[in-house]
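This structure is a prediction, so every number in the text was calculated from the model and none was measured. The chains referred to below are lettered A, B, ... by the order of the sequence lines, with proteins before strands, and numbering in each begins at 1.
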2 protein chains.
Amino acid sequence: MTTMQDVATRAGVSAKTVSRVFNDDPHVTEDTRERVQSAMRELKYVPNMLARTFREGKSAVIGIAVPDVADPFFAAVTKEIEQAAREQDMAIVVTSLGDDPSLEQSIIETTVRHQIGGLIIAPISADQSYLARWQDSFPIVFIDRTPLKLSADYFVEDDFGGAFEATQHLIAHGHTRIAIVGDSTEVPTTRLRLEGYLAALDNAGLRRDEELVVLGSRNADGAAQACKTLLALPCPPTAIFSSNARFSIGVFPALQALDRTDIALISYGDFTMADVLRPSVSVIDQNPRLVGRVAAERILARIATPTKRFRRKNVLPVRLIERQSCQSVPAVPEDQMVS
Amino acid sequence: MTTMQDVATRAGVSAKTVSRVFNDDPHVTEDTRERVQSAMRELKYVPNMLARTFREGKSAVIGIAVPDVADPFFAAVTKEIEQAAREQDMAIVVTSLGDDPSLEQSIIETTVRHQIGGLIIAPISADQSYLARWQDSFPIVFIDRTPLKLSADYFVEDDFGGAFEATQHLIAHGHTRIAIVGDSTEVPTTRLRLEGYLAALDNAGLRRDEELVVLGSRNADGAAQACKTLLALPCPPTAIFSSNARFSIGVFPALQALDRTDIALISYGDFTMADVLRPSVSVIDQNPRLVGRVAAERILARIATPTKRFRRKNVLPVRLIERQSCQSVPAVPEDQMVS
DNA sequence: AGCCGCCATGTCATCGATGTCAAGGAAAGC
DNA sequence: GCTTTCCTTGACATCGATGACATGGCGGCT
């Protein structure tokens with residue numbers, strides 16, 4: 001490994017002058033510049049980026065922390081961020097937070113150690129106050145979920161609106177017993193979707209039924225289990241609103257295994273193959289690529305102009321994609337028999 | 001940003017002692033250890049990896065370059081690598097190479113410039129000789145595809161064997177006109193799968209038909225198009241072997257759209273929902289998590305012990321998962337009418 | 001008691017690039 | 001000719017963690 005000092009000795013100048021030549025500092029005579037350049041060529045000088053970034057105190061890397069990089073939604077977001085970052089010569093380091101909220105902080109700290117230049121996060125815990133002390137070291141942008149106990153930029157989908165629309169759509173098809181399956185309400189995203197769901201019920205004058213609200217699942221398997229429990233109720237739902245795509249991937253197979261695809265289904269979040277399943281699954285489309293792009297743009301803007309002010313709260317629109325899974329009408333109005 | 005010096009001052013010791021405590025050096029009394037630890041906690045000390053790696057001269061970052069991070073197979077591989085890397089306090093930077101082979105080199109060079117400690121790559125081009133000059137700076141491990149014009153560690157699936165088995169399986173179900181859909185044969189992975197397919201045909205005494213070999217698609221849409229072309233042939237196939245999961249995601253919907261799910265289908269590579277589609281799709285399972293784990297283990301081992309020798313070539317077994325899509329038998333033995 | 005040696009802890013230098021400041025020299029202006 | 005100013009170049013410190021080596025104290029051994 002040849003260093004600037006080696007080149008300097010060879011060219012008969014100081015290391016600082018080599019540095020100047022390397023960084024195109026105009027205050028170098030043409031003569032020395034050439035001497036240094038040929039010395040660099042002869043010694044095949046390659047700068048040590050480790051030393052450079054160490055001195056800068058910050059690396060040209062953006063951290064991305066999401067619940068699961070293998071989740072199609074977050075994978076698509078990541079891809080988009082990566083493309084935007086590459087245009088600015090920035091790399092991205094990705095981390096999966098998993099599904100245990102208590103580990104979030106230590107995982108993030110492991111990432112932060114690398115002196116990242118910015119952080120894009122979709123948190124899983126109910127408290128991100130631990131991030132506060134880094135907010136003046138590097139910008140932080142939240143995606144998919146709002147920051148809790150912290151003030152920071154965030155880009156979320158219209159959770160309430162999307163859930164409202166989905167539920168309303170099911171109601172319009174004659175469903176009155178509509179269940180919701182989701183993860184913890186500690187996550188604001190889920191809470192908003194629950195609220196949208198409840199608001200749509202209220203709006204239509206339907207009774208809320210706690211039995212039909214099954215939250216707290218951690219993954220697709222949990223959601224599948226929740227689904228089975230729902231259908232085993234004395235008075236089961238005729239429609240299910242799955243509050244995120246990760247869970248829909250468990251719910252659909254569960255319905256199919258029980259041979260109950262007559263149950264209507266809407267998923268908050270599109271997923272691969274949703275359109276070719278039978279019945280194809282209606283979804284609220286979140287547009288992960290848009291999320292990725294705007295988040296990347298924001299973090300790059302924050303890095304470039306740290307003092308500039310931006311709108312913190314950003315809500316992205318969602319869109320109902322109607323497919324077959326919500327077209328079924330309740331076979332028997334069981335709820336009326338009971339109520 | 002609190003440094004070791006800050007912690008040292010707080011605990012009334014020298015920075016070196018803090019370093020010792022942090023690195024579990026036994027030569028510290030229990031008393032000072034506790035004082036230092038509580039100082040670290042109070043000041044929320046997070047080590048600066050940049051400083052550490054700069055001193056070590058080795059970066060704590062592993063680069064991962066795959067055709068597409070959003071592809072479920074590579075996303076799963078990435079997730080697994082990330083977990084293994086995190087245990088060693090290493091971060092991963094991921095890059096999508098896209099589908100244009102001519103861009104591969106420049107994308108990799110951009111990544112490499114950030115001084116990485118190792119590289120895991122699933123290349124898209126037909127020549128990785130450009131990587132040779134970095135081979136003594138950091139270890140390189142290939143996954144999914146063998147290195148071309150370069151000698152390096154690689155972990156690939158049994159492409160030939162898997163394709164052979166898939167094709168043979170279709171033959172066993174009575175199919176004689178079997179098509180293959182895939183990407184460029186410049187990629188050795190695809191070529192091997194093609195060879196496995198051809199070998200199975202030969203083995204069964206079936207005629208090779210160039211019309212039924214449709215390679216060169218770049219993505220799912222291209223594969224869907226290829227599929228339509230195949231079915232429009234005067235003498236169309238009764239079965240299709242899709243040589244990778246990325247393409248199967250295009251092929252299945254295409255068959256469904258044409259209402260030709262009677263065409264048998266086997267996919268090299270499992271994909272989300274393949275088991276709940278109707279008909280569910282038979283696949284050759286590649287086990288991305290295994291690929292990720294062994295690749296991560298190898299690169300970490302290479303980083304830890306650069307001089308140790310390892311087996312370069314590693315072939316991972318694949319497994320046929322039989323589902324519904326290959327159970328259909330050819331309705332009419334059209335090929336016999338023609339041949 | 002005196003000496004040896006171990007153990008806890010500290011001091012200093014180091015990794016490579018670069019910001020700061022100063023020195024020296026040449027050109028320009030009076 | 002002398003001063004002013006700019007321009008080129010270099011010496012030194014710095015970023016944070018840590019290896020090499022030094023120091024000082026305490027216990028054990030003869």
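At the phosphate of dG16(C), neither OP1 nor OP2 sits under 4.0 Å from any side-chain N or O atom of Ser19(A). The side chain of Tyr45(B) places an N or O atom within less than 4.0 Å of a non-bridging phosphate oxygen (OP1 or OP2) of dA17(D). The phosphate of dT9(C) (OP1 or OP2) has a side-chain N or O of Thr29(B) nearer than 4.0 angstrom. For the OP1/OP2 pair of dG16(D) and a distance below 4.0 Å, the side-chain nitrogens and oxygens of Thr3(B) include no atom meeting the criterion.
For Asp31(A) and dT8(D), the CG to P distance is 12 Å, given to the nearest whole Å. When the C1' atom of dA17(C) is taken as reference, atom CG of Asn48(A) falls 8 Å away, rounded to whole Å. One can place CZ of Phe54(A) at 15 Å from P of dT14(C), the figure rounded to the nearest angstrom. One atom, CG of Asp6(A), and another, C1' of dG16(C), lie 10 Å apart when rounded to the nearest Å. For the pair Met4(A) CE and dC15(C) P, the interatomic distance rounds to 16 Å; values are reported in whole Å. Separating the NE2 atom of His27(B) from the C1' atom of dC21(D) is a distance of 14 Å, rounded to the nearest angstrom. dC15(D) atom P lies 16 Å from atom NZ of Lys58(A), rounded to whole Å. Rounded to whole angstrom, the span from the CD atom of Glu56(B) across to the P atom of dG19(D) amounts to 7 Å.
Salt bridge Glu82(A)/Arg86(A): present, at least one basic N to carboxylate O contact under 4.0 Å. With respect to the salt-bridge test (charged N to carboxylate O, under 4.0 angstrom), the residues Arg133(A) and Glu109(A) qualify. Remark: Asp153(B) engages Arg302(B) in a salt bridge, criterion side-chain N to carboxylate O under 4.0 Å.
Side chain Arg20(B) to base dG19(D): no donor-acceptor pair is found below 3.5 Å.
Ser14(B) comes within 4.0 angstrom of a base, heavy atoms only. If you check every strand for non-hydrogen atoms under 4.0 Å, Val18(B) touches nothing. Contact annotation for Arg52(B): backbone-only contact, meaning every heavy-atom pair under 4.0 Å involves sugar-phosphate atoms and none involves a base.
Distance from the side chain of Ala15(B) is smallest for dT18(D) among the nucleotides dT18(D), dT9(C), dG19(C). The side chain of Thr17(A) has dG10(D) as its nearest neighbour among dT18(C), dG10(D), dT9(C). You'll find that the side chain of Asn23(B) is closest to dT18(D), out of dT9(D), dG16(C), dT18(D).
With sequence neighbours excluded, no residue satisfies side-chain hydrogen bond (donor to acceptor under 3.5 Å, both in side chains) with Thr110(A).
Between the side chains of Thr111(A) and Thr95(A), at least one donor N or O lies within less than 3.5 Å of an accepting N or O.
Comparing the end axes of the helix from dA1(C)-dT30(D) to dC30(C)-dG1(D), each fitted to five base pairs by superposing C1' atoms of four pairs onto the next four, gives an inter-axis angle of 50° (nearest 10 degrees).
Side-chain contact check for Ile120(A) versus Ile143(A): some heavy-atom pair is nearer than 4.5 Å.
Both Arg55(B) and Gly12(B) lie close to DNA chain C; mapped to their nearest nucleotides by heavy-atom distance, the more 5′-ward contact belongs to Gly12(B).
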Query raised in the report: Going through the checks in order, is the side chain to side chain contact (heavy atoms under 4.5 Å, CB included) test met by Thr53(B) and Lys58(B)?
Result: CA-CA 5 Å; Thr53(B) 59; Lys58(B) 275 291 164 218; over 6 Å; no
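Checked against the 6.0 Å centroid criterion, the rings of Phe54(B) and Phe54(A) qualify as a close aromatic pair.
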